[in-house]
Structure formats: structure tokens, C-alpha cells
Amino acid sequence: MRERANKLKEHVRQLFASSKDILEKMKLVDTIQHLGIDHLFENEIQTALQEIHENEFATNNLHDVALRFRLLRERGFWVSPDVFNKFKGDDGSFSNELANDPVTLLQLYNAANLFIHGEPELEEAISFARRHLESISQHGAGLKSPLADQIKRSLHIPLPRIHRRVEMVSYVPEYDQEDGHDPLLLELAKLDFNILQRVHQKELNELSRWWKDVSAYMGLHHIRDRVIENYTWSYAVYHEEELSLARVIFAKIVLLIALLDDTYDVYAFTSIEECRLLNAAFQGWDDSAASLVPEYLRKFYEITLRCFREFEDLVPSNQRYLVAFSKTEFQKLSSYYLEGAEWAHRKHKPRFSEQVALATMTTATRPLAAGLMVGLGEGVTTTAAYQWAVASTDAIISCGKTGRFMNDISGFKLGSQNKADMPCSVETYMEEHRVSMEVAIGKINELVEEEWKTTNQSRIDHRGVLPVVQRMINITLAIPFYYSDGKDGFTFGEGLQEVLQKLYVKPMPL
């Protein structure tokens with residue numbers, strides 16, 4: 001498989017070399033990214049996009065303008081929304097003649113979802129394209145396959161917001177139905193996926209054995225057994241073979257965070273006094289502090305310290321500061337969880353802004369931003385990237401808010417907020433503003449849209465450290481995978497079984 005894949009890589013490099021036309025390059029980059037093999041051609045893609053950005057692109061084809069807009073903005077290149085103005089009438093609206101062009105509408109819809117703050121014209125484009133795409137989906141019996149499915153997926157979750165590997169396993173079987181598809185590109189995509197799947201299976205095997213041993217040793221009955229779901233967060237951040245060490249370390253960090261979350265949760269039957277003692281021990285972060293911890297939690301505390309020591313041993317000495325950074329953020333997270341437990345203990349009812357501020361911190365995006373850099377390598381984890389993560393601005397906070405809002409909506413709809421836990425944003429908003437559930441959820445969904453704008457903006461503002469910023473954004477892209485449609489796929493994973501089997505169990509037929 002590897003031998004054949006290497007030959008096919010040369011074919012793709014020849015395609016880049018022989019593509020002289022800007023549109024041809026754009027279509028090649030888009031296809032490669034959609035097929036999930038862009039990690040094999042990062043240098044070629046970056047060179048092509050630089051050329052696409054620097055060269056004039058004069059065309060009256062809205063589909064191609066939207067494609068260029070999306071490709072460049074996804075990689076942090078600035079493109080003005082003014083490029084769409086020439087496709088509007090005197091009233092500033094897109095022509096209704098587009099209503100019967102689903103391919104162009106879909107491209108426009110996905111491109112416009114890369115909007116940032118202060119771009120109402122792109123919000124109008126989203127509304128326009130969505131309205132017509134929904135109409136086409138409802139009445140478009142003549143839609144060719146696989147376009148109907150692609151429209152349905154994008155209306156559910158727009159392409160720029162979707163878990164990339166999840167979209168890839170849907171798109172690869174569709175690609176050979178497209179006009180002018182390249183069978184060698186398709187073969188490479190399948191081979192690459194199958195090769196990587198073997199790597200991921202091995203990691204899951206090892207991680208499952210580790211978790212089985214650790215959970216049996218700790219003997220805790222309140223923790224969720226979610227190895228695959230936790231690993232999938234890590235898999236969303238990086239799936240490349242050469243990043244196996246980073247992926248496994250990050251998966252273990254996610255598992256430790258989930259353990260901490262479950263332990264501070266009132267369903268763990270942990271008293272407030274025990275929560276205070278546990279947090280005091282984590283702030284001390286020393287084996288001698290284990291005596292502070294209630295006996296039934298002592299093994300969990302010891303396992304956590306042992307894991308971080310192992311992480312230090314696994315990375316080069318000049319990268320150990322990243323483990324220390326991750327540990328510091330883990331300590332802060334413990335304090336945030338304790339504050340939430342204190343609120344529950346006092347039956348404190350926070351204002352909406354107060355609830356969002358703390359709840360955003362308890363989504364653990366700051367320790368995740370620190371943890372995702374462990375094992376990445378010096379070429380990516382530059383001083384500038386570290387400083388960006390330390391500042392914990394834009395994409396990191398937006399990831400936390402997006403996750404918190406979508407999680408809270410799901411939890412509220414599922415009724416899981418009826419426990420004596422920290423109140424969720426939905427009920428806090430309802431009580432503070434004396435509105436119905438529908439109004440509160442509508443408002444919070446508007447706030448989610450604002451966070452997507454901030455996430456998109458971060459690519460442009462921090463293009464110099466985009467390799468790390470994009471890894472953080474990949475966590476955000478996994479949130480709708482778990483929490484769209486009012487479901488909680490992380491806690492109740494039955495609905496994810498089919499796609500998880502596609503990712504980890506079933507190889508792609510060659």
C-alpha cells in the first residue's frame with residue numbers, strides 16, 4: 001500500500017507542476033483537501049495558494065469567485081467580501097436567477113460561512129443561499145447524486161465548520177461520480193486513509209489497554225468510559241501518521257480532563273470538602289500532597305502526576321516547557337471546577353455573563369490549547385505560537401464558548417441540567433431575562449454565530465502561527481460533531497457508532 005501510495009504522490013506533484021491556470025490550481029487544491037490528502041502536499045498547496053492570492057482573478061463566474069474566497073480564507077489569506085459585489089443587482093441583492101443553480105449556491109453558502117465580524121453582506125449571502133438550497137432540497141427531485149447529499153450535509157453543518165475527517169469519509173465514495181474526476185487521486189485518498197487507519201487502530205488498542213489498567217487501578221465508579229470519544233477529539237486535531245506521539249499524549253490529556261470534570265461534578269458524590277482538598281493537592285502538585293486527597297481519589301491524583309512526568313520523558317528536553325505549561329493550565333482548570341462546585345454547594349444563581357465567563361473556562365480549552373502543542377515539534381511550536389496560546393485569546397476562548405453554548409443547549413433539551421449542578425447558560429438566560437426556552441436558545445445560537453466569526457478571524461489575525469491556531473480550530477470543528485441537533489454524542493455515543501466505525505474499523509474498498 002505504501003509503495004503504491006508513494007507512486008501516486010508523484011502523480012499529484014506532477015499535477016501541481018503542470019497546472020498553469022489559476023482555476024485549475026484552485027480545483028486541484030480543493031479536491032485534494034476534500035479527499036483528506038492535503039497533509040501529503042502542504043508545501044505544494046501553500047505555494048499554489050500564495051500564487052492564487054497574488055494574481056488577479058478576473059471572471060464573471062460566481063462559483064469560481066466563491067471557491068477562491070473559501071480556499072484563501074481557510075488558510076488565513078485576506079480576501080475582501082467586495083469580490084461578490086459584481087454579482088448583485090442595484091438593490092444590493094443576489095440575482096434570483098441563481099435560484100436554479102444549486103452548485104453555485106452551495107459554493108457561495110460554504111464560502112460565506114467564513115465570515116468575520118462586520119461583514120453583514122456575507123450574512124445576507126448565507127441567508128440567500130440557504131433559502132434557495134432548502135427550497136431545492138425540498139423540491140429538487142432532479143438533483144444529481146451526490147449533489148443532493150452534499151447540500152444536505154452543508155445545510156446541517158456548513159463545510160468550513162465540519163469535522164474534516166468525518167466529511168472526508170462521506171466525500172471519498174462520492175468523488176468518482178463527479179465530472180472529470182481523477183481516478184488516481186481517488187486511489188491515493190483511499191490508500192492513504194487505509195494506511196492511517198492502521199496507525200489509528202494501533203493507537204486505540206494501546207490507549208484502550210492503558211485506560212483499562214488505569215480505570216481498574218483507580219476504582220472510581222463515577223467516571224464515564226469514553227475512550228473512543230476522547231480519542232476522537234485528539235484525532236480531530238491531528239490525524240497525520242508522523243504526529244502519533246502528539247496525538248496519544250493529547251488523548252491522555254483529554255481523558256485526564258474528563259476524569260477531573262466527572263470528579264468535580266456533583267454526580268460523583270464528591271463532597272465540597274473533598275473537592276477543596278483535591279484542588280489543594282493539585283495546586284501543590286507533589287507526591288507528598290497525596291495525603292491531602294480523600295483516600296478513594298488518591299490513585300486518580302497519583303495517576304495524573306505520573307502521566308505528566310511520562311509526557312516530560314517522551315518529548316525532547318527543550319520541549320518540556322510545553323508540558324509544564326499544560327500542567328499549569330490543568331491546575332487552573334481544577335480551580336475553575338472547584339468554583340463551579342462551590343456555586344452548586346451554595347445554590348448560587350449567577351447572572352448570565354457571570355455563568356458564561358466561568359463555564360467557558362470549565363470547557364478546558366486553555367489546557368487543551370497548551371496540550372495540543374506537546375509533541376508537535378520545534379518547527380511548529382515556535383515562541384510566537386507559545387505566546388499566542390498563553391494569551392488564550394480569540395480562537396481559544398471562542399472554542400470554549402462555542403462548546404459551552406452547544407453543550408448547554410443539548411443538555412437542556414435532554415433534561416440533564418435538572419441535577420444539582422452549576423446552572424447552564426440556557427436556564428440562566430431564561431431566568432435573568434424572563435423569556436421562554438425557545439427565545440433563550442435562539443439568543444444563544446446567535447452568540448454561537450458570533451463565536452464562529454471570531455474563529456474565522458483568528459486565521460487571518462494569526463496567520464504567522466496558523467499551524468497551531470488551526471489545530472485549535474480543529475477542536476472547535478469537532479464540537480458540532482458531538483453537539484449538533486440538541487444531542488450529546490460525547491455522553492451518549494450511540495448515534496456516533498456508524499461514523500466511528502467508518503473512521504476506525506472499516507477500511508475503504510480499493
Side-chain angles (χ1 to χ4, degrees), residues 36 157 162-170 172 193-218 220-241 243-263 265 267 300 303-304 307 311 363-365 367-368 371-372 374-375 399 403 406-407 410-411 414 416 471 474-485 487-508:
I157 303 174
I162 201 165
H163 187 310
R164 296 179 174 208
R165 299 298 280 180
V166 172
E167 169 61 17
M168 180 269 300
V169 292
S170 295
V172 169
F193 177 81
N194 290 347
I195 290 168
L196 288 176
Q197 190 183 67
R198 301 279 183 92
V199 175
H200 302 142
Q201 286 172 347
K202 182 180 178 183
E203 291 170 357
L204 269 169
N205 189 319
E206 293 172 353
L207 195 64
S208 297
R209 289 177 184 274
W210 173 83
W211 173 250
K212 186 177 180 180
D213 291 342
V214 163
S215 56
Y217 173 74
M218 291 187 298
L220 299 176
H221 303 295
H222 62 263
I223 57 178
R224 289 170 289 182
D225 187 4
R226 293 289 179 271
V227 176
I228 295 176
E229 289 83 353
N230 278 297
Y231 176 83
T232 301
W233 284 109
S234 184
Y235 174 86
V237 177
Y238 17 51
H239 61 274
E240 299 93 327
E241 182 173 5
L243 296 178
S244 181
L245 174 63
R247 187 164 46 250
V248 172
I249 289 176
F250 189 74
K252 289 185 177 181
I253 290 174
V254 175
L255 278 161
L256 291 172
I257 288 171
L259 273 171
L260 194 69
D261 184 12
D262 288 346
T263 300
D265 192 301
Y267 270 162
F300 161 50
I303 284 288
T304 303
C307 281
F311 299 158
T363 55
T365 50
L368 292 177
L372 68 83
V374 178
C399 178
M406 294 189 74
N407 189 339
S410 298
L414 291 168
S416 58
R471 303 289 179 183
N474 288 350
I475 299 178
T476 312
L477 300 183
I479 293 169
F481 172 67
Y482 286 110
Y483 299 113
S484 61
D485 301 328
K487 70 175 187 294
D488 182 352
F490 183 77
T491 303
F492 309 102
E494 294 82 3
L496 304 180
Q497 294 304 309
E498 183 180 350
V499 69
L500 291 177
Q501 287 211 7
K502 288 181 180 178
L503 292 175
Y504 305 131
V505 180
K506 300 176 180 177
M508 287 189 178

Could you tell me whether the side chain of Trp233 reaches within less than 4.5 Å of the side chain of Ile479, counting heavy atoms only? yes
To the nearest 0.5 Å, atom CE of Met406 lies from atom OG1 of Thr476 at 11.0 Å
Less than 4.5 Å apart, any side-chain heavy atom of His239 and any of Val199? no
Does some side-chain heavy atom of Glu167 sit less than 4.5 Å from a side-chain heavy atom of Leu477? no
What residues, two or more places apart in sequence or in another chain, satisfy side-chain contact (heavy atoms from CB on, under 4.5 Å) together with Val166? His163, Phe481, Val499, Leu503
Does a side-chain heavy-atom distance below 4.5 Å link Glu206 with Val248? no
On a heavy-atom basis, which atom in Glu241 and which in Leu196 lie closest, and how many Å separate them? N-CD2, 3.5 Å
Could you pull out the closest heavy-atom pair between Ala236 and Asn474, with the gap in Å? O-CB, 3.2 Å
Would you find a donor on one side and an acceptor on the other, under 3.5 Å apart, between the side chain of Gln501 and the backbone of Lys506? no
Kindly say whether Ser234 contributes a backbone atom to a donor-acceptor pair with the side chain of Arg247 at under 3.5 angstrom? no
Kindly indicate whether the side chain of Phe311, heavy atoms from C-beta on, has any atom under 4.5 Å from the side chain of Ile253. yes
Would you say the side chain of Tyr482 lies within less than 4.5 Å of the side chain of Asn407, judging by non-hydrogen atoms? no
When rounded to the nearest 0.5 Å, the distance separating OG1 of Thr304 from CG of Leu256 is 5.0 Å
Would you please name every residue forming a ring pair (Phe, Tyr, Trp, His ring centres under 6.0 Å) with Tyr231, sequence neighbours left out? Tyr504
About how many Å separate CD of Gln197 and CZ of Arg165, when rounded to the nearest 0.5 Å? 9.5 Å
With respect to Phe300, which candidate in Leu260, Val214, Asp262 satisfies the side chain to side chain contact (heavy atoms under 4.5 Å, CB included) definition? Leu260
List the atom of Leu207, the atom of Ala251, and the distance in Å for their closest heavy-atom pair. CD2-CB, 3.8 Å
Check against salt bridge (Lys or Arg N to Asp or Glu O under 4.0 Å), Arg164 and Glu240: CA-CA 13 Å; Arg164 296 179 174 208; Glu240 299 93 327; over 6 Å; no
Would you mind reporting whether Leu372 and Leu368 have side-chain heavy atoms less than 4.5 Å apart? no
For Arg209, give me all partners under side-chain contact (heavy atoms from CB on, under 4.5 Å), at least two apart in sequence or on another chain. Asn205
